[in-house]
Undergrad: 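Take this structure first; my questions come after.
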Amino acid sequence: MPKIVADFTIEIAPSLSASASISCASFPQPAAGYRFKILSMATTLSNEEVRQEVAHCAQAATSARDLMARIVRVLHECMLKYNWVGFYMIEKKSDEAPILVLGEFEGAMTPHTRIQLNVGICGAAASSGKTVVVDDVTQDSRYLACSLETKSEIVVPVFVHGQVVGELDIDSHFAAAFKTEDRALVEFCATLVGQYLEKHPA
Ligand code: SME
């Protein structure tokens with residue numbers, strides 16, 4: 001039986017914390033002097049609890065950017081199959097075609113920091129104004145690879161007064177990770193951001 005060498009609580013978001021234990025039979029003596037890096041953590045939050053946490057973010061946020069940063073952090077930390085979570089927002093310059101620009105995100109850096117609206121799963125969601133769920137990215141010719149580990153993806157548009165202004169993009173290392181309840185949760189998050197932007201225009 002491994003010996004527990006440390007118990008601790010990790011704050012994930014202002015109103016959310018998780019308890020954990022480090023146990024390892026190979027440590028010669030209790031934790032003093034050891035430094036730990038937490039590589040992964042399981043939580044027992046339900047989809048509904050994550051939804052409540054995100055709603056709390058909308059109350060606590062000090063700006064739209066802050067809200068988006070809080071949402072990507074909560075989704076990335078609490079939803080174990082959400083391995084990359086990020087917002088792209090549409091940038092419009094009068095003399096250029098609109099483009100999706102990477103905003104707040106959690107996960108590995110992506111090569112796709114600017115995406116045209118006629119390219120990728122991201123472009124498809126933004127230009128159609130519809131949620132796009134791809135269960136197997138290898139089978140979708142529109143897919144722009146961000147990580148070799150990505151197996152499935154969901155992209156949900158963010159609307160302000162009926163216009164698409166950006167989107168919430170999530171990649172998973174698991175095939176078909178985004179079920180009906182995931183879609184509802186991600187659409188809820190995107191709606192919160194749209195509502196926040198409507199109330200707090202830049
Ligand atoms: N896969 C996306 C590109 C963005 S990265 O996944 C972060 C696409 O096909 O548009």
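Counting convention: from 1, in listed order, for ligands and their atoms alike. These numbers were taken from a predicted model, which means no experiment stands behind them. Starting from 1, each residue takes its place in the sequence as its number. Side-chain atoms are counted along with the backbone in the values below, which use heavy atoms only and exclude waters and symmetry mates.
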Undergrad: Who clusters with Tyr143? Use side-chain heavy atoms, under 4.5 angstrom, across I, L, V, M, F, W and Y, and order the result by chain and number.
TA: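 Ile121, Val132, Val134, Val137, Val155, which link up through side-chain heavy atoms under 4.5 Å apart, make up the rest of the cluster.
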Undergrad: For Gln163, does the CD atom have more than 12 heavy-atom neighbours from other residues, nucleotides or ligands under 6.0 Å away?
TA: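 Atom CD in Gln163 is not packed in, count stays at 12 or less.
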Undergrad: Can you pull the residues with any heavy atom under 4.0 Å from ligand 1?
TA: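 Ligand 1 is contacted, at a heavy-atom distance under 4.0 Å, by Trp84, Tyr88, Thr110, Ile115, Gly120, Ile121, Cys122, Tyr143, Leu144, Cys146, Glu153, Asp169, Asp171.
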Undergrad: Can you check salt bridge (charged side-chain N to carboxylate O under 4.0 Å, His left out) on Glu187 and Arg183, steps first, answer last?
TA: CA-CA 6 Å; Glu187 288 180 343; Arg183 180 181 176 136; 3.2 Å; yes
Undergrad: Keeping to residues at least two apart or across chains, list the side-chain hydrogen bond (donor to acceptor under 3.5 Å, both in side chains) pairs with something in residues 97-119.
TA: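 Those involving residues 97-119 are Arg65-Glu104, Glu91-Arg114.
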Undergrad: Apart from Ile99 itself, which Ile, Leu, Val, Met, Phe, Trp or Tyr residues share its cluster (side-chain heavy atoms under 4.5 Å, direct or through members)?
TA: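 Joined to Ile99, directly or through intermediates: Val101.
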Undergrad: Take Leu67 and Leu197 through the side chain to side chain contact (heavy atoms under 4.5 Å, CB included) test and state the conclusion after the steps.
TA: CA-CA 10 Å; Leu67 174 58; Leu197 286 165; over 6 Å; no
